[in-house]
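Atom set for the values below is all heavy atoms of this structure, side chains included, hydrogens, waters and symmetry mates excluded. Here is the naming used below: chain letters follow the sequence lines, and residue numbers restart at 1 for every chain.
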Protein chains: 2
Amino acid sequence: MNKCDQCIVRQLTSLQALNKEEVIKLANSKTTYKIKKGEAIFEEGDVTNGVFCVKDGVGKLSKLSANGKDQIVKLVKSGELLGQRSMISNEPANLTAKAVADMEVCFIPKSEIIGFFNTNNQFSMKLMQTVCEDLKESENDKIALVQKTVKQRLAETLLYLHDFFGENEDKTLKVQLTREELAGMIGTATESCIRLLSDFNKLGLIELTGKKILLKDLKALKKIAD
Amino acid sequence: MNKCDQCIVRQLTSLQALNKEEVIKLANSKTTYKIKKGEAIFEEGDVTNGVFCVKDGVGKLSKLSANGKDQIVKLVKSGELLGQRSMISNEPANLTAKAVADMEVCFIPKSEIIGFFNTNNQFSMKLMQTVCEDLKESENDKIALVQKTVKQRLAETLLYLHDFFGENEDKTLKVQLTREELAGMIGTATESCIRLLSDFNKLGLIELTGKKILLKDLKALKKIAD
DNA sequence: CTATAAATATGACATTTATCACGTTTTAAT
DNA sequence: ATTAAAACGTGATAAATGTCATATTTATAG
């Protein structure tokens, strides 16, 4: 039986501030789910009433626009919490969470989290810091969106994916996003994204083999991104 | 002597969760400043070690880009707190805060805030919710930046300024931003901003009298913004 | 395995937006 | 009041990016 104690999510999030007793409470209240690639964990407008721990897989938080495009706000990977913001604000989800690769998640009810928040200062401080971290990142993204060209943002995003998810044995990026998803991350049209990837390929900065992307010249990509 | 109790900032922020005793502590530890239009409260990279209460005036949080443009991330007005994020994250300021109109602010040292955070659950929850609110707003801005045209964003921003700051007796917008600042808010070139304002004027949606902007057709602006 | 749909790719073109150049108006300092 | 600087405004043009059409490749269901 999994007691949450050794879980990667516990090791990497505000949950690390919980004591033994609290972890046991946590283990008893959680529910585990499996989510297949493409399926939603929750959708914009859903009242989630708790948070999701990502034990395995990759998810995306996105918002559908009027013109049918899906803007990706954030990717989440194993070891992260999901849905904290709307739980704290007491609001329906502002974004849709979907699996980009098969996921395993645990659901922790709101009452549990609020309990920890009220009785464990270290926990509340950590949680707060996480949200602040997200805010900082979001603000910086916002600035990048305005101040950088699509080409710069693509380079930046490729480097981010490399840093954040790492590479396979063949050095290709571990996360497999469709071109459409990648376009959704950098905020551009799918065709523009494909075209620029193709340019980067021709320039020898990356190598495209089917859906796999290999970053060949990190230095040059960094130079473009700045 | 101002005891903070009746201060607008206290009424509108997490500080409302403080009890009498705490407010007295607050009043004794705060320092009051006046900041002239154009002057900085803090700059990117500064270690602020506390938060600023905006008692009066208008401020902007912005970041300078490589090409010298100033992207405005957020405007703050009387009754808001400033610099919470970096204080909580224990990081230097990520943005520069400057006065757009003459300001009066109080500085509250970090130790004080952390004290309240640790001993007053209602306070910490409120503070958390504020940061969450900022995060939601930032994410939505981010999406708007990508999914909307400059024209849409200008209409949206004018409506926002109208809602957020209200109007003078002559119905013109109460905040006076330069065209450059307005451009910085919507993330475009100053010239593009001026051109579009001029278009809106010709179409009868707004009326420009010197620096004053009057929104004549809110409905039409809303339609453009969506 | 085959049929069908989805994803990728590329060209042609339209649109949006930025940039540069310049003149005018307003603001602020002396 | 005068002058310098800053803000505003507009045209011409270039650059970036989006859109549409269509072909090809790849993935997926049955």
Side-chain angles (χ1 to χ4, degrees), chain A residues 36-39 65-72 98 100-102 144-157 172-173 175-203 206-213 224, chain B residues 36-39 60 65-72 98 100-102 144-155 157 172-173 175-203 206-213 224:
Chain A
K36 287 240 172 66
K37 179 176 169 175
E39 288 178 356
S65 74
N67 61 32
K69 274 188 198 162
D70 210 31
Q71 167 69 13
I72 296 181
K98 280 190 176 157
V100 166
D102 291 359
L145 275 177
V146 172
Q147 299 185 335
K148 294 189 176 178
T149 64
V150 173
K151 187 190 283 186
Q152 288 181 300
R153 272 142 52 201
L154 175 59
E156 191 175 56
T157 302
T172 59
L173 292 183
V175 250
Q176 291 241 0
L177 299 174
T178 65
R179 303 291 193 254
E180 195 180 355
E181 284 170 332
L182 192 53
M185 280 194 74
I186 64 184
T188 190
T190 309
E191 295 95 324
S192 300
C193 176
I194 288 171
R195 237 182 278 275
L196 287 170
L197 279 175
S198 185
D199 289 351
F200 282 180
N201 191 13
K202 275 168 203 152
L203 289 169
I206 64 174
E207 201 173 293
L208 300 170
T209 317
K211 195 159 300 193
K212 303 206 164 226
I213 299 176
I224 289 175
Chain B
K36 287 244 172 64
K37 178 175 170 177
E39 288 178 359
K60 62 176 175 182
S65 75
N67 60 33
K69 273 188 199 163
D70 208 34
Q71 168 67 14
I72 296 182
K98 279 191 179 156
V100 166
D102 290 359
L145 274 177
V146 173
Q147 297 185 338
K148 295 189 176 179
T149 63
V150 173
K151 187 191 284 187
Q152 289 182 300
R153 272 144 49 202
L154 174 59
T157 301
T172 58
L173 292 183
V175 248
Q176 291 237 5
L177 299 175
T178 64
R179 304 291 193 256
E180 194 179 356
E181 284 168 334
L182 191 53
M185 279 194 75
I186 65 184
T188 189
T190 307
E191 295 95 323
S192 301
C193 176
I194 289 172
R195 240 181 278 275
L196 286 170
L197 279 175
S198 185
D199 289 352
F200 283 180
N201 192 12
K202 276 169 203 150
L203 289 169
I206 64 176
E207 201 174 292
L208 300 171
T209 315
K211 197 159 293 192
K212 301 207 164 224
I213 300 177
I224 289 175

Whole Å only: how far is the [atom1] atom of [X] from the [atom2] atom of [N]?
| X | N | atom1 | atom2 | result |
| --- | --- | --- | --- | --- |
| B:Leu208 | C:dT26 | CG | P | 13 Å |
| A:Lys36 | D:dT28 | NZ | P | 13 Å |
| A:Lys212 | D:dA27 | NZ | C1' | 15 Å |
| B:Lys37 | C:dA29 | NZ | P | 11 Å |
| A:Ile194 | D:dT17 | CD1 | C1' | 14 Å |
| A:Glu191 | D:dC20 | CD | P | 9 Å |
| B:Leu197 | D:dC8 | CG | C1' | 11 Å |
| B:Gln176 | D:dC8 | CD | P | 10 Å |

>> Using a heavy-atom cut-off of 4.0 Å across all strands, would you classify A:Lys148 as base, sugar-phosphate, or nothing?
In response: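 No contact.
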With a 4.0 Å cut-off on heavy atoms, is B:Thr188 in touch with a base, just the backbone sugar-phosphate, or nothing at all?
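Answer is sugar-phosphate: B:Thr188 comes under 4.0 Å of backbone atoms only.
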Looking at every non-hydrogen atom in both residues, tell me the closest pair between A:Val146 and B:Gly187 and how far apart they are.
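That would be CG1-CA, 3.4 Å.
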Q) Can you name the nearest heavy-atom pair linking A:Glu156 to A:Ala144, along with the distance? A)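 Taking every non-hydrogen atom into account, OE1-CB, 3.9 Å.
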Does [X] put a side-chain nitrogen or oxygen below 4.0 Å from OP1 or OP2 of [N]?
| X | N | answer |
| --- | --- | --- |
| B:Thr149 | C:dT16 | no |
| A:Lys151 | D:dA16 | no |
| A:Ser198 | C:dT10 | yes |

From C-beta outward on A:Ala189, which listed nucleotide comes closest to its side chain: C:dT10, C:dA7, D:dG18?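 Closest of the options to the side chain of A:Ala189: D:dG18.
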TODO: Side chain of B:Lys211 only, please: which of C:dA18, D:dA7, D:dT17 is the nearest?
DONE: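 Side chain of B:Lys211 sits closest to D:dA7.
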**Asked** Closer to the 5' end of DNA chain C via nearest nucleotide, is it B:Lys69 or A:Lys202?
**Response**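 The 5'-side residue here is A:Lys202.
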ask   = Are A:Thr172 and A:Thr209 close enough that some pair of their side-chain heavy atoms sits under 4.5 Å apart?
value =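 Of all side-chain heavy-atom pairs linking A:Thr209 with A:Thr172, none is under 4.5 Å.
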- Message: Judged by each residue's nearest nucleotide on DNA chain D, which is more toward the 5′ side, B:Ser192 or A:Arg153?
- Response: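 Looking at the nearest nucleotide for each, B:Ser192 comes out on the 5' side.
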Checklist line | From B:Gln71 atom CD to A:Gln147 atom CD, the distance as rounded to the nearest 0.5 Å | finding: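 Interatomic distance, B:Gln71 CD to A:Gln147 CD, rounded to 0.5 Å: 6.0 Å.
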Run the side chain to side chain contact (heavy atoms under 4.5 Å, CB included) test on B:Gln176 and B:Lys212 for me, step by step, so that the C-alpha distance in whole Å, both residues' side-chain angles and the decisive distance to 0.1 Å come before the verdict. CA-CA 7 Å; B:Gln176 291 237 5; B:Lys212 301 207 164 224; 3.9 Å; yes
Next item on the list: Ignoring hydrogens and angles, answer whether the base of C:dT19 and the side-chain atoms of B:Arg195 contain a donor-acceptor pair closer than 3.5 Å.
Entry: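 Between C:dT19 and B:Arg195, which were checked side chain against base, a qualifying N/O pair under 3.5 Å is present.
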